[in-house]
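A short write-up of the structure that comes next.
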Amino acid sequence: MKNLQWTTAALLLGLFQPAMAQDLNTMSTAELLEKAKAEGSVTVYSFTSRIARLEKAFEAAYPGIDLQGYDISSTEQIARLKAEAAAGIANADVVYISDAPVVLNELVKPGILENYVPPRVAGRLSEANKTPILSQRVSTKVLMYNEEANPKGSPIKNLWQLTTPEWKGRVVMVDPLQRGDYLDLMTEFALQADSMAKAYQAQFGKPIALGKAQDAGRKFIKDLFANDLILVKSTDDVNAAVGKLGQQKPPVGFTSYSDRRDNKDKGWALQVSNDTQPASGIVFPVVLGLVKGAKHPAAARLAIDFFMGDESKTGGEGFKPFYVPGDYATRTDIVPHPDAVALDKLAAWNINPAATAKARKDVGDLILTLQ
């Protein structure tokens, strides 16, 4: 009888949990808040250090709910979440992460991450930005230069200049085998092979000779590495090398356009190379997801709602860390930052996560042979 009772209870619980999750998904912030107070805390894995500012803002808005934020790279997050899921553990409630091609294939498809779109903002997002996972903003990996040393604009008008003797040893980026968003950038060069071939002819006045390269994009990658591309450990290393004030012949580098926000505080002169052909780099989605089996499901949803910004034109305290030049809100009612190139004017390719996911292993293997 005890076994039968246990089985019946388990079946009822299994039926109840999806219904409970569905109820949470449709609740208002006021309704979520009552349940979140009882849970008392929420744990967030974040790929950006800006989580520290979000933590303070969230706790000020919702006293009594402790937001525990962990600054963990997207690559490490993916590995950690897969290992925790395999062990039946849910240490995080919310994941804030880039590297969408891997996230969709390795976290969303197997159900490690679940989608939650706050009802309050659902009508102000495109379908692409709310399925299969919620996108909070669009970020970048683009070519940046030192505007103090180049007051007339970027010295790079064509990406192929980076492969010439003038720029030998003067191009910097994070190792793409260590950071997924930089590997996505390299992959996009391969996916944009036709554009890269046209840019080659525009730069050198003759059709590209591929040699042993598969296409013009991969030829660019090979030539870039052969021209003593400098690989560093972090985006801050790129920013400091490129942007430091007082340089006569600074390098250029691929980094985040939004890091220009730190120019004043860190003594940099970073600016986006927006006149570069065929593009300066890539734009890609930054996503928010619920961890399956989250211990604090109401607080998790409340946090995601908060991170999407309030009803003001700039998103208020929840979006303030990201309302900077070079970050672009996915909400259609948040006004663009006045000190940034408009997204539709930014000379960068929009990645297709599915296409990137399919091609990036081959590109990664190529890069491995070049290092």
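I208 has its side chain out of reach of Q201: every pair of non-hydrogen atoms, C-beta onward, lies at least 4.5 Å apart. Contact check for P336 versus L343: no side-chain heavy atoms found under the 4.5 Å cut-off. Taking 4.5 Å as the limit, some side-chain heavy atom of L346 sits within range of a side-chain heavy atom of T140. Side-chain contact between P101 and F284 is absent, with no heavy atoms from C-beta onward closer than 4.5 Å. No side-chain heavy atom of Q77 sits less than 4.5 Å from a side-chain heavy atom of Y96. Looking at heavy atoms from C-beta onward, D339 lies in side-chain contact with R260 at the 4.5 angstrom threshold. Looking at heavy atoms from C-beta onward, Y200 lies out of side-chain contact with L210 at the 4.5 angstrom threshold. The side-chain heavy atoms of L104 and V287, taken from C-beta on, include no pair separated by under 4.5 Å.
Side chains of T255 and N239: a donor on one and an acceptor on the other come within 3.5 Å. For S74 and S98, the side-chain atoms include at least one donor-acceptor pair closer than 3.5 Å.
In this structure a side-chain-to-backbone donor-acceptor pair under 3.5 Å is missing from D259 to D236. At least one donor-acceptor pair under 3.5 Å links the side chain of D93 to the backbone N or O of K295. Between the S312 side chain and the G315 main chain, a donor and an acceptor come within less than 3.5 Å of each other. Within the 3.5 Å criterion, the main-chain N or O of V142 finds no donor-acceptor partner in the side chain of S280.
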- Query: Given N25 and R301, is the side-chain contact (heavy atoms from CB on, under 4.5 Å) satisfied, shown in steps?
  - Reply: CA-CA 8 Å; N25 285 345; R301 287 166 172 82; 2.7 Å; yes
- Verdict with reasoning, N91 to R80, per side-chain contact (heavy atoms from CB on, under 4.5 Å): CA-CA 10 Å; N91 285 331; R80 182 177 296 194; over 6 Å; no
- Item | Derivation and outcome, salt bridge (Lys or Arg N to Asp or Glu O under 4.0 Å), residues E166 and K249 | CA-CA 11 Å; E166 180 184 0; K249 292 182 64 176; over 6 Å; no
- Stepwise, does the salt bridge (Lys or Arg N to Asp or Glu O under 4.0 Å) test hold for D184 with K141? CA-CA 9 Å; D184 292 345; K141 282 291 174 285; over 6 Å; no
- Query: What do the steps show when you test I334 against R137 for side-chain contact (heavy atoms from CB on, under 4.5 Å), and what is the final call?
  - Reply: CA-CA 11 Å; I334 292 181; R137 62 183 169 99; over 6 Å; no
- Task: Begin with the C-alpha distance, continue with both residues' side-chain angles, and end with the deciding distance and a verdict on salt bridge (Lys or Arg N to Asp or Glu O under 4.0 Å) for D23 and K35.
- Result: CA-CA 12 Å; D23 289 342; K35 294 183 177 296; over 6 Å; no
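What you find for I133 and E114 is that their closest heavy atoms are CD1-O, 3.9 Å. Heavy-atom minimum distance, A300 versus L290: CB-CD2, 3.5 Å. Residue Y116 comes nearest to L134 through the heavy atom pair O-CD2, 3.4 Å, listed as atom of the first residue, atom of the second, then distance. Considering all non-hydrogen atoms of both residues, L302 and T29 come closest at CD1-O, 3.8 Å. Considering every non-hydrogen atom in both P250 and R170, the closest pair reads O-NH2, 3.2 Å. In terms of heavy-atom proximity, S154 sits nearest to S273 at OG-OG, 2.5 Å.
Note: T48 OG1 to I97 CD1 = 12.5 Å, rounded to the nearest 0.5 Å. Residue L67 holds its CG atom at 5.0 Å from CZ of F307, rounded to the nearest 0.5 Å. To the nearest 0.5 Å, atom CD of residue Q203 and atom CE of residue M196 are 11.0 Å apart. Atom CG in N105 sits 10.0 Å away from atom CD1 in I78 (nearest 0.5 Å). In this structure, the separation between CE on M186 and CG on D181 is 11.0 Å, given to the nearest 0.5 Å.
Note on ring orientation: taking the six-membered ring where Trp is involved, the planes of Y257 and Y328 are tilted (angle from 30° to 60°).
Counting heavy atoms of neighbouring residues, nucleotides and ligands inside a 6.0 Å radius, atom NZ of K157 exceeds 12 of them. Residue D194 qualifies as open at atom CG: its count of foreign heavy atoms under 6.0 Å is 12 or below.
A salt bridge between K361 and D365 is present, with a side-chain N of the basic residue lying under 4.0 Å from a carboxylate O of the acidic one.
Under the salt bridge (Lys or Arg N to Asp or Glu O under 4.0 Å) criterion, E127 pairs with no residue at all, not counting sequence neighbours.
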